[in-house]
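Here the structure comes first, spelled out in C-alpha cells, and everything after it is commentary.
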Amino acid sequence: MNEKILVVEDEKDIARMIEYNLKKEGYRPSLVHDGSYAALTAAKEKPALVLLDLMLPGLDGLEVCRRLKADAKTSSIPIIMLTAKGEESDKVLGLGLGADDYVTKPFSVKELLARVQAVLRRSAERPAPAPEKLKAGAIELDAAKVEVRLKGAPLELTSKEFELLKALMACGERVLKREELLKKAWGLDAALEVETRTVDVHVGTLRRKLGREGRRIVTVKNYGYRFEAGK
Ligand code: CA
C-alpha cells in the first residue's frame with residue numbers, strides 16, 4: 001500500500017476517476033496528461049507502477065513504453081496499458097515492449113484495481129537485479145563486461161566458471177544448492193540433463209584459478225556452496 005502510481009492519461013475525466021479511486025485505496029497517484037512528459041516524470045518520481053494510456057498527445061503510449069523500458073532508471077517499473085476497444089490489446093502486449101498487463105476501456109474500477117494489485121504483487125516478488133560489480137578480497141567481478149580480475153589482473157575463466165562465480169558472489173553468504181547453481185550457470189533446460197556433479201568439477205577448476213582467494217568458495221556438505229565475502 002501507499003505505492004506511488006503514475007497515471008498517464010489525456011482524457012481528464014478518466015484520469016480524475018482513476019486518481020480518485022487509487023487514492024481511496026491508499027495509493028499515491030500522480031497525473032500526466034501528455035506522453036512527452038511521461039518518461040521524464042517516471043524517471044524523476046520512480047513510481048511503483050505506471051498506468052499508461054495508448055492514445056496520447058505528444059508521444060503515444062507505445063513510444064512512452066519503449067522509452068521507459070530502454071532507460072535503466074525506469075526499466076523495472078511495471079506498466080499497465082490502458083487501451084480503447086478495437087486497439088487490438090493482444091497486439092500491444094505481443095509487441096514485446098515489456099508492458100505487464102492491459103485494461104480495455106471502458107473498464108470498471110474494480111477490474112482496474114484488481115489488475116493494479118496483481119501487477120504490484122508480482123513485481124514485489126520479482127528478485128532485485130544483481131549488482132553489476134561485485135568485489136570480495138582480491139576478486140573483482142564486472143557482470144556487464146563479463147570480466148574477472150584477481151589482484152587487479154584479468155583472470156581467464158570459462159563461461160561456466162564465470163557464471164558460477166557470479167551466482168555465488170551475488171548471493172551474499174546464502175548457501176546455494178547445486179541444482180540452483182546449475183540453473184543459474186547452465187540455464188533452466190540444461191539443469192535437467194546435466195548432472196549436479198558437474199558443478200563440483202567446475203567449482204574445483206574455479207577454485208584453483210582463484211588461488212588463495214579460492215578458499216572463499218566454501219563447500220556445504222551434501223548441499224552445495226556458499227561464498228565467503230568477508231575478510
Ligand atoms: Ca487517450
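If you're wondering where the values come from, they're calculated on a predicted model, not measured in any experiment. The basis for the numbers below is simple: all heavy atoms, side chains too, and nothing from hydrogens, waters or symmetry mates. In each ligand, atom 1 is the first atom listed, and ligand 1 is the first ligand listed.
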Should the pair [X]-[Y] be classified as a salt bridge under the 4.0 Å nitrogen-to-oxygen rule?
{"X": "Arg216", "Y": "Glu213", "answer": "yes"}
{"X": "Arg67", "Y": "Glu63", "answer": "yes"}
{"X": "Glu161", "Y": "Arg207", "answer": "no"}

Requested in this report: Report yes or no: do Tyr225 and Asp200 form a side-chain donor-acceptor pair below 3.5 Å?
Outcome: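 Tyr225 vs Asp200: donor-acceptor pair found between side chains.
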
Query raised in the report: Between Glu179 and Thr196, is any side-chain donor less than 3.5 angstrom from a side-chain acceptor?
Result: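 Side chains of Glu179 and Thr196: no pair found under 3.5 Å.
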
Query - Around the Ca ion (ligand 1), number of protein N/O/S atoms which are nearer than 3.0 Å - result: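 Protein heteroatoms (N, O, S) closer than 3.0 Å to the Ca ion (ligand 1) number 3.
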
Query - Student check: side-chain heavy atoms of Phe162 and Val146 closer than 4.5 Å - result: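 The answer is yes, as the side chains (C-beta and beyond) meet within the 4.5 Å cut-off.
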
